[in-house]
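Along the sequence shown, residues carry numbers from 1.
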Amino acid sequence: MKKRWTGLLLFMFSCLVFAAGAQAAQPHSSYWFPEDLLRWTPQGDKDAEFNRSTIALQDRFTGYQVNKHATVEPKVAALSAMNRQTSGVPSQGSEKFDANTFGYWAYVDKLVYWGGSSGEGIIVPPSADVTDAAHKNGVPVLGTVFFPPSVYGGKFEWVKQTIRQNPDGSFPVADKLLEVANYYGFDGWFINQETEGGTAEDAAAMQKFLAYLQAKKPAGMQIMWYDSMTSDGAIAWQNALTDRNQMFLQQGSERRSDSMFLNFWWRSLEPSANKAKSLGRSPYELFTGIDVEAKGYDTKISWNAIFPEGKKAVTSLGIYRPDWAFNSSENQEQFYAKENKFWVGPTGNPANTSGTADWKGIAHYVVEQSPVNDLPFTTNFNTGNGQLFAVNGEVVRTTPWNNRSLQDVLPTWRWIAESKGEALKPSFDFTTAYYGGSSLKLAGTLSPQNATHLKLYKTDLPVEQNTKLSLTFKTQTKHADLKVGLAFADQPDKFVFLDAGGLHPGTWDTQTFNLNPYRGKRIAAISLHADAKQTIPDFSVNIGQLSVYNAKDDPNPVPEVRGLNVKEAEFKDGIYGDARLEWSATDRPVRYFEVYRVKPDGSKELLGVTPNRVYYVPMLRRIGPEAQTKLEVVALSADGRRGKAAQTVVTWPAYPKPVAAFAADKTLVAPGQPVTFIDQSSEVTEQRVWSFPGGTPSTSTEKQPVVTYAAEGTYSVTLTAKNSVGDSTVTKEAFITVTKDAAGGVKNLALNKPATADGACGPNEAAAYAFDGKVTGNSKWCALGSGPHWLSVDLGASYTISEFVVKHAEAGGEAAAFNTRDFHIQVSNDGSTWNDVVQVQGNMAAESKHPIALTKARYVKLIIDKATQGGDTAARIYEFEVNGLAK
């Protein structure tokens, strides 16, 4: 389906669907249709506890500004798809490094968690890790209520269900929206009604619905309305605040919404600002929309209309899809470079955004804000993802991860690196960390001429009698001079420097400074300064931790974890297991809980970290025949101290005997052509014995033996898999066919042949696109609605078939979560009587190959039993090949 550029639309067109349903015990973030939401309760949703944000919205301040062009009055709302899809989003991060670890919170006043589609669900609360990260930075997060246009599967009955009012005057869906936000711990809702078919009566009901939300919502909760529906119920984007849509914001003395997002095709904004004032509302409660989804910082914007030079901003700014920086990047380094240019501008310096570029960065227009206004303050420069995880400088995990709940408050300024020469380059380093998966790295040629002053944090921290600052760092040289800079509120541009002392190459050093000489002052900024008396060509220093705290604030021990329990466990093949853990809330604040596996040899491996009181342990690999696996949870206080660990165990089932299974790279060959056999037996297999009657060799104990057959004919293959517990044998009769006709190789018999299917997402995603030989340019078959779905091809005549190749969503560039999970393939000679020849369950591959014993057929049908890795009802196949002999 093609992207629709009119109005405000979700990046995921409606064929990107992925419904609820846990894979094993993996908890996922929520999403609903209205009727589903009405049935939802925290008690009835076993994932609900995992989706709660546990970090309160922090205060933040504006303070002094580093950019003379920036202004204070306008606000910024970011409508951002923080996850690639609405559904199938793990509740507490995942085992992947790749994640949208957005870090420019200083320029955002509210984040709208963008999501929803007609196939998945239209009511989408933010994932808890996003809320946690935003709250640390003082940014409220809104969930999305998205009524899509009918062309994208929108149904006006969903609008009707939402605005249905009870005889007692209550709105059941409104009450549920408030319940969800309160339970999950986020800050309100963005409401986007774009489904056609409404009347003036419906518009009036929507206004009552909004007024009800205003009357019932707790203090601090926000409702944001999108400029789409008008007073007559039609969908007509005004691109302004007008008489046709103002009643959804304000009607007389009745407040209906807390803010409004204006659609993108605006011209002059003064009339909208004046209209807001006439209603008694601030023009900064209007967020003028810019759409950057396609081109990011190459989008042409009439900036002067919003931020006229030398004058006050006319309205606030609404940015649709700044996640462009993540979605358009091939790796994390490119993502950070694009994100920096987007928010800071091409200079890479938020204090100096002048220049000729049209895109000067958001820092040019709005003053950065900071939550660093309370003690203790600690940062490990942890971005919320990593290729490893370190605890106090020791690497305790060596596999990728992401969990934005763990993201630290990152530097306010990215980057202000001042030097009389060529400044050292600051960056996040994912190869070295003190706590988490990253550290701050300052690198380059260091010399007296290149001495660098790196301003990091805008702060408002009180210095009291026992206030201390500690810096933990690692470098490879002892000749540099490293200092911590402090500026105070009375002179925020003047820094005093504290010498970090002698450097010890290759080790983590911690230097602690007593700030008592500055007692009574307030720290306005924290920086680093690096210098050297001689030139160091390849200087680098990693900053692992920066902390400001009162030494006697919290002398009591961190409370120990109590009530640790394995709430649920599931096992696969006798050697894989996952578990849901829970424990009691502590009576004193805890920053994080660390979850470890204790191995049979007593060593520990970090499984993950969470601020929550529940945690999902993904697939554990059994170590040998161990009967139990110990799991350990330890609490970490805000100042980094650890409490007493608690332990529990996962008890494994009996160690299994192997299950024999195998495949071949081809089943139709010419005499003498090699065939590679692939052992697919269960992982507990210790020995394997192959039998290839008529082949060379005739037997083998290899895992992937290569066999040739000299004579034409059909041949059977047998595999026996053994271990210390037992064995199993599987034989495939007439599995390999050897014929001279195969000397020219097999061909795709289905290419450009007539095709049919049970449905299509649109005319450009019909059945024929699965047989056109293309996997690029969005050439695919897509089907919506309830499954099972089917795709059929007529080969035109009866052919000898040896193999099928299915190219799933990931092969076409979509998320792996959308790969077809369960399917089967049938063949027929008359189109009426069908025989199963392939049955697949649990596929995760982007491209799956299915050799079969030779069979003749004219018609082939792919039946999709489970369309994605979750439980959605949409199918997406980029190519379906039917390989065999062309004569």
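When ring centroids are compared, Y104 and F342 stay outside the 6.0 Å threshold.
Using a 4.5 Å heavy-atom cutoff, the side chains of V609 and N403 are not in contact. Counting heavy atoms from C-beta outward, I55 and T131 have side chains that stay 4.5 Å or more apart.
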Can you give the donor-acceptor pairs under 3.5 Å from side chains of residues 534-543 to other protein atoms, not counting sequence neighbours?
unit_1, atom_1, unit_2, atom_2, d
N542, ND2, D429, OD2, 3.0
N542, ND2, S439, OG, 2.9

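Judged purely by distance below 3.5 Å, without hydrogens or angles, the side chains of R52 and T54 never pair a donor atom with an acceptor atom. Looking at K474 and T432, their side chains never bring a donor and an acceptor atom within 3.5 Å of each other. Between the side chains of S127 and D129, at least one donor N or O sits under 3.5 Å from an acceptor N or O.
Under the side chain to side chain contact (heavy atoms under 4.5 Å, CB included) criterion, T101 pairs with A99, Q332, F335, Y336, N385, R404, Q407, not counting sequence neighbours. Looking at residues two or more places apart in sequence or on another chain, you find a ring pair (Phe, Tyr, Trp, His ring centres under 6.0 Å) between F495 and H453. Looking at residues two or more places apart in sequence or on another chain, you find a ring pair (Phe, Tyr, Trp, His ring centres under 6.0 Å) between Y434 and W508. Every residue two or more places apart in sequence or in another chain that forms a ring pair (Phe, Tyr, Trp, His ring centres under 6.0 Å) with W401 is listed here: F389. Legend: residues meeting ring pair (Phe, Tyr, Trp, His ring centres under 6.0 Å) with F186, ordered by chain and number and at least two apart, are W189.
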**OP:** Could you give me the CA-CA distance, side-chain angles and deciding distance for R562 and E560, then say whether salt bridge (charged side-chain N to carboxylate O under 4.0 Å, His left out) is met?
**Re:** CA-CA 6 Å; R562 297 184 182 276; E560 63 180 282; 3.6 Å; yes
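For R621 and Y576, the positive end sits near the middle of the six-membered ring, less than 6.0 Å away and at most 45° from its axis.
Taking every heavy atom of both residues into account, A569 and F571 meet most closely at CB-CZ, 4.2 Å.
We find the CD-CZ distance between Q545 and F381 to be 9.5 Å, quoted to the nearest 0.5 Å.
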